K.L.:
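Next up is a structure, given as C-alpha cells.
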Amino acid sequence: MKNKRKTRINYAKWGYRFVIPFVVVYVVFSLIPLLSTFFYSFFEYYFKFGGLEKVGPNFNFLDNYILLFTEGKFFKYFGNTMLIWIMGFIPQVIVSLLLALWFSSTRLNIKAQGFFKTIVYMPNLVMAAAFSLLFLKLFSNNGPVTNFLFESNIIGESFSFVDQNWSTRGLLSFMNYLMWFGNTTILLMAGIMGIDKGILESAQVDGANTIQTFFRIVLPLLRPILLFVLVTSLVGGVQLFDLPQIFTAGSGGPEMGSMTVIMYISRLLGVSKQYGLAGAASTLLFIMTAIVSLGFFFIFYRKEVIPRKSIREGEDK
Amino acid sequence: MTRSRVNLFLQKTFVYTILITMALLIIFIFYTLLVNASRTHVDIQKGFSAFFGNYFGKNLENLLANNNINVLNAMKNSFIIATATAFLSTYVSALTAYSIHLYRFKGRNFLFMFILAVMMIPSQIASVGLITILYSIGFVVNYFVLIVPAMAAPATFFFLKQYLDTILNFELVEAARVDGAGEIRIFHTIVMPLIKPALAIQFIFSFVASWNNFFFPSLIIQSPNKRTIPIVISLLKNSSPDSFDLGPVYMLMVLSIFPMIIVFIIFSKQIIKGITLGSVKG
C-alpha cells in the first residue's frame with residue numbers, strides 16, 4: 001500500500017516534468033511579453049533621432065492612451081480592420097453554411113466531395129503575403145483582370161482597383177474570404193454531421209419544411225460551432241496584417257482606408273521604436289477584441305438555457 | 001413523384017454549377033500564377049493566357065541571379081526556421097498534451113483551461129513586450145528568436161489532446177509500466193508511434209504557419225542574409241527595380257506558394273479530417 005502511494009507521487013512528478021518545456025516557453029515568450037506590453041503602455045518609451053537615443057522608460061500613466069484617443073488614428077484603423085473583416089466574414093459564413101448543408105445532404109448526394117473540399121480549402125494554406133502580391137499584380141492598373149474587364153466594357157477606362165478606397169478594401173475582404181471559407185465549410189460540416197438525424201426526421205414527420213428545419217433546428221444546434229468560428233475569425237481578423245501590408249506596400253491604401261491596427265503598431269515599432277504608444281495600441285486592441293468576443297458570447301447564449309434543458313428532458317423520456 | 005424528381009434534378013444542377021464555378025475560380029487563380037511564371041514580361045503584360053510559355057527556366061534563372069533579394073538564401077532560412085519550429089512545437093505540445101491527458105497532478109485542470117483561454121488572445125499584441133525582451137537579452141541575431149517563441153503552440157496542444165482523448169487508454173500505459181518501461185521511454189516508444197498521424201498533421205500545420213509567417217519576422221529581422229521568403233516578397237514594391245520584370249516576380253510567388261500546395265494535395269484527406277479535430281465539438 002505504502003509502495004503504491006509512493007509510485008503515484010512519482011507519476012505526478014512526471015506530469016510536471018512533461019509540461020515544463022511548454023510552460024516555460026509560454027511564460028517567457030508569450031505571457032511575460034503580453035504583460036510587459038500592458039506595462040509599457042503606461043510609460044514614455046521610444047527612440048529619438050532615428051532610433052539612436054533611447055528615451056525612457058518614464059512612467060506617464062495614461063498619456064499614451066490620451067494620445068491615442070485624441071489623435072483618433074487608432075479608432076479609424078480599428079474601424080478599417082473591422083470593416084474589412086466583416087465584409088469578408090458575412091459572405092464567408094453564408095457560403096460556408098450553404099456548402100456544408102449541400103455536402104452533408106443525403107438527398108442531394110454530392111459526388112466528388114473530396115475534390116471540392118480539397119479545392120476550397122487550398123487557399124487557406126497559401127502564404128498570405130504571396131497571395132496578396134498575386135492579387136496586386138492581377139488587379140493593378142494594367143494588370144490582366146483590369147485590362148480584361150476594360151476590354152469587355154464592364155469598367156471604364158479610368159477605373160482603377162488599387163487607387164480607390166472601396167475597391168481596395170473589397171479586394172482585401174475578398175482575399176480574406178477566399179482564404180477562409182473552405183476552413184469554415186469543413187468546421188460547419190463537422191457540426192452538421194454531429195446533429196442527431198432522429199431530431200431532423202421527427203421534425204419532418206411533424207410537418208416542418210426544409211427552411212423551418214434549418215432555422216428552428218439546425219441553426220440553433222450549430223450555435224457552439226458558429227460561436228467558435230465567429231470568435232476565431234474575429235481574433236484572426238483584428239490581426240489582419242499580411243494582406244493589406246503587401247497589397248498597399250505598407251502605405252495603408254487610398255485615403256488610408258486599408259490601414260489596419262496591426263499595420264499601425266508595426267509602423268510604430270519601426271525606426272523610432274515607440275514601445276509605449278505601440279503598447280497602448282496593443283492593449284486597446286486586446287480590450288476591444290475581448291469586449292466584442294464577450295458580446296458575441298452573450299448574444300449566442302442568452303436564451304440558450306431554457307430550450308436546451310427541454311431538449312435534454314425530452315431525451316430522457 | 002415525377003415533379004419532385006424534376007425538382008431534385010434542378011436543385012442538383014444548381015448546386016453542381018455553383019460548386020464547379022467556385023472550384024474553377026480557385027484553380028484558375030493558381031493556374032494563372034503558374035502560367036505567368038513561364039512567360040516573358042511582355043507576354044504577361046498582354047493579359048491572360050491558357051497556355052504555358054517556354055520562359056519558365058529563364059525566369060527561374062533570372063530570379064535566382066538577383067543578388068538584391070537572394071531568393072535561395074531566403075528559402076533556406078525559411079526552410080530551416082519552419083522545420084525546426086514544426087519539429088519542436090509538435091514535440092513540446094505532444095509532451096504537454098500527453099502529460100495533461102495521463103497524469104493526475106495538481107493544477108492540471110487549471111493549466112488545461114489556461115491554455116484553452118489563451119488560444120483566444122490575438123498573439124500579435126504581445127510583440128511589443130517580446131521585442132523588448134529579446135533585445136534586452138541580446139537574442140536578436142539568429143534563427144532562435146523565430147523558433148523558440150513558437151515552440152509553445154496552444155492550438156497544436158489542443159489538437160493533440162483531443163486526439164489522445166480518443167485513442168490512448170490507461171491500460172496500455174499501465175501494461176508498459178508493469179513491463180518495466182520508464183515514463184520517458186513509454187512516451188517515445190509507445191505513445192509517439194500511436195499518435196503518429198496526428199503528429200504528422202500538426203507538423204504540416206506548424207510548418208505551413210511558420211513558412212507563411214510575415215508579421216513577427218518583419219519586426220525582428222534586420223540583416224539581409226537572415227530574410228525569410230515573406231520578407232523578400234514585401235521588398236518587391238511596385239517602384240523597386242526588382243519588380244520591373246514580372247516573370248521572376250511570378251516565379252517567386254510560385255516558389256513560395258506551390259511547395260505548400262503540393263504537400264497539401266498529397267495529404268489533403270488527412271489534413272481535412274484533422275481540421276475538425278482541433279475545434280469544439282458541435
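Model, not experiment: these values are computed from the prediction. Every chain is numbered from 1 and lettered A, B, ... according to where its sequence line falls, protein lines coming before strand lines.
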K.L.:
Could you walk me through whether B/Leu111 and A/Phe22 pass side-chain contact (heavy atoms from CB on, under 4.5 Å), step by step?
P.N.:
CA-CA 11 Å; B/Leu111 190 61; A/Phe22 190 98; over 6 Å; no
K.L.:
Do A/Trp14 and B/Tyr98 come within less than 4.5 Å of each other through their side chains, counting heavy atoms only?
P.N.:
no
K.L.:
So which residue, A/Ile110, A/Leu222, A/Ile192, ends up with the most heavy-atom pairs under 4.5 Å with chain B?
P.N.:
A/Ile110
K.L.:
Pick one of side chain, backbone, both or neither for B/Arg108, based on which atoms fall under 4.5 Å of a heavy atom in chain A.
P.N.:
neither
K.L.:
Go through the steps to decide whether A/Phe29 and B/Leu134 satisfy the test side-chain contact (heavy atoms from CB on, under 4.5 Å), and finish with yes or no.
P.N.:
CA-CA 9 Å; A/Phe29 294 105; B/Leu134 291 174; 4.0 Å; yes
K.L.:
Please rank A/Gly114, A/Ser30, A/Pro123 by heavy-atom pairs under 4.5 Å with chain B and give me the top one.
P.N.:
A/Pro123
K.L.:
Let me know if B/Ala150 has heavy atoms under 4.5 Å from chain A in its side chain, its backbone, both or neither.
P.N.:
neither
K.L.:
Does B/Arg185 have more than 12 heavy atoms from other residues, nucleotides or ligands lying within 6.0 Å of its CZ?
P.N.:
no
K.L.:
Does CZ belonging to A/Phe297 count more than 12 external heavy atoms closer than 6.0 Å?
P.N.:
no
K.L.:
With rounding to the nearest 0.5 Å, note down the distance linking CD1 in B/Ile125 to CD1 in A/Ile262.
P.N.:
8.0 Å
K.L.:
Taking all non-hydrogen atoms of both residues, which atom of B/Phe264 and which atom of A/Thr118 are closest, and how far apart?
P.N.:
CE2-O, 3.2 Å
K.L.:
Under 4.5 Å, counting heavy-atom pairs only, tell me which of B/Glu183, B/Met260, B/Lys269, B/Met120 racks up the most with chain A.
P.N.:
B/Glu183
K.L.:
For A/Asp242 and B/Phe215, work out which heavy atoms get closest and say how close.
P.N.:
OD1-N, 4.2 Å
K.L.:
Quick one: what part of A/Gln245 sits under 4.5 Å from any heavy atom of chain B, side chain, backbone, both or neither?
P.N.:
side chain
K.L.:
As an exercise, state the distance from CD of A/Gln239 to OG of B/Ser127, rounded to the nearest 0.5 Å.
P.N.:
9.0 Å
K.L.:
Heavy-atom cut-off 4.5 Å, strictly under: side chain, backbone, both or neither for B/Lys106 against chain A?
P.N.:
both
K.L.:
List the residues meeting side-chain contact (heavy atoms from CB on, under 4.5 Å) with A/Thr210, not counting sequence neighbours, and say none if there are none.
P.N.:
none
K.L.:
Under 4.5 Å, counting heavy-atom pairs only, tell me which of B/Thr132, B/Ile265, B/Leu25, B/Val208 racks up the most with chain A.
P.N.:
B/Thr132
K.L.:
Side chain, backbone, both or neither: which part of B/Ile257 has a non-hydrogen atom closer than 4.5 Å to chain A?
P.N.:
side chain
K.L.:
When only pairs under 4.5 Å are counted, which of B/Leu33, B/Thr32, B/Val118, B/Ile27 shares the most heavy-atom pairs with chain A?
P.N.:
B/Val118
K.L.:
Below 4.5 Å from any heavy atom of chain A, which atoms of B/Phe267 appear? Answer side chain, backbone, both or neither.
P.N.:
neither
K.L.:
Should A/Met127 and B/Met253 count as side-chain neighbours, where that means a heavy-atom distance under 4.5 Å?
P.N.:
no
K.L.:
How close do B/Val148 and A/Val25 get, heavy atom to heavy atom, and via which atoms?
P.N.:
O-CG1, 3.3 Å
K.L.:
Return the option, out of B/Ile184, B/Ile100, B/Ile44, with the maximum number of heavy-atom pairs under 4.5 Å with chain A.
P.N.:
B/Ile184
K.L.:
From B/Phe214 CZ over to A/Leu243 CG, what is the distance, rounded to the nearest 0.5 angstrom?
P.N.:
10.5 Å
K.L.:
Working to the nearest 0.5 angstrom, can you tell me the gap between B/Leu246 CG and A/Lys137 NZ?
P.N.:
5.5 Å
K.L.:
Could you tell me which non-hydrogen atom of B/Leu95 sits nearest to which non-hydrogen atom of A/Pro21, and how far apart they are?
P.N.:
CD1-CG, 4.3 Å
K.L.:
Heavy atoms only, distances under 4.5 angstrom: which of B/Ile271, B/Leu130, B/Leu252, B/Val263 has the most pairs with chain A? Name it, please.
P.N.:
B/Leu130
K.L.:
If I compare all heavy atoms of A/Phe18 with all of B/Ser99, which pair ends up nearest, and what's the gap?
P.N.:
CB-CB, 3.5 Å
K.L.:
Using side-chain contact (heavy atoms from CB on, under 4.5 Å) as the criterion, list what pairs up with B/Ala37, not counting sequence neighbours.
P.N.:
B/Phe56, B/Tyr250, B/Met251, B/Val254
K.L.:
More than 12 heavy atoms of other residues, nucleotides or ligands under 6.0 Å from CZ of B/Phe9: is that the case?
P.N.:
no
K.L.:
Measuring heavy-atom distances to chain B, does A/Ile20 have an atom under 4.5 Å in its side chain, in its backbone, in both, or in neither?
P.N.:
neither
K.L.:
Begin from the C-alpha positions of A/Phe241 and B/Phe216 and carry the test side-chain contact (heavy atoms from CB on, under 4.5 Å) through to its verdict.
P.N.:
CA-CA 11 Å; A/Phe241 175 76; B/Phe216 194 64; over 6 Å; no
K.L.:
Under a 4.5 Å heavy-atom cut-off, does chain A meet the side chain of B/Ser218, its backbone, both or neither?
P.N.:
side chain
K.L.:
Counting only heavy atoms closer than 4.5 Å, note whether B/Ile121 contacts chain A via side chain, backbone, both or neither.
P.N.:
both
K.L.:
Between A/Leu269, A/Asn147, A/Leu133, which has the largest tally of heavy atom pairs under 4.5 Å with chain B?
P.N.:
A/Leu133
K.L.:
Any chance you could measure B/Leu219, atom CG, to A/Lys273, atom NZ, to the nearest 0.5 Å?
P.N.:
10.5 Å
K.L.:
Hey, can you tell me if B/Phe114 and A/Tyr26 have their rings parallel, tilted or perpendicular (30° and 60° cut-offs)?
P.N.:
perpendicular
K.L.:
What part of B/Ser234 gets within 4.5 angstrom of chain A, counting heavy atoms only: side chain, backbone, both, or neither?
P.N.:
both
K.L.:
Could you tell me which portion of A/Val23 (side chain, backbone, both or neither) has an atom closer than 4.5 angstrom to a non-hydrogen atom of chain B?
P.N.:
side chain
K.L.:
Should A/Phe131 and B/Phe30 count as side-chain neighbours, where that means a heavy-atom distance under 4.5 Å?
P.N.:
yes
K.L.:
What part of B/Phe258 lies closer than 4.5 angstrom to a heavy atom of chain A: side chain, backbone, both or neither?
P.N.:
neither
K.L.:
Could you check whether any side-chain heavy atom of A/Phe103 comes within less than 4.5 Å of a side-chain heavy atom of B/Leu19, counting everything from C-beta outward?
P.N.:
yes
K.L.:
Once rounded to the nearest 0.5 Å, what's the spacing between atom CD1 of B/Ile272 and atom CE of A/Met189?
P.N.:
10.0 Å
K.L.:
Parallel under 30°, tilted from 30 to 60°, perpendicular over 60°: which one fits the rings of A/Phe116 and B/Tyr16?
P.N.:
tilted
K.L.:
Please rank B/Ser256, B/Ser268, B/Pro122 by heavy-atom pairs under 4.5 Å with chain A and give me the top one.
P.N.:
B/Pro122
K.L.:
What part of A/Leu108 is in contact with chain B, defined as an atom under 4.5 angstrom from a non-hydrogen atom: side chain, backbone, both or neither?
P.N.:
both
K.L.:
Specify which of A/Val145, A/Val229, A/Ile265 makes the most heavy-atom pairs with chain B at under 4.5 Å.
P.N.:
A/Val145
K.L.:
At a 4.5 Å cut-off on heavy atoms, which part of B/Ile20 comes close to chain A: side chain, backbone, both, or neither?
P.N.:
both
K.L.:
Hey, are the side chains of B/Met22 and A/Val95 touching, using non-hydrogen atoms and a 4.5 Å cut-off?
P.N.:
yes
K.L.:
Which answer fits B/Lys12, side chain, backbone, both or neither, if we ask what part of it has an atom under 4.5 Å from a heavy atom of chain A?
P.N.:
both
K.L.:
For B/Tyr103 together with A/Tyr16, are the ring centres under 6.0 Å from each other?
P.N.:
no
K.L.:
How close do B/Gly129 and A/Ser36 get, counting heavy atoms only, and between which atoms?
P.N.:
CA-OG, 3.3 Å
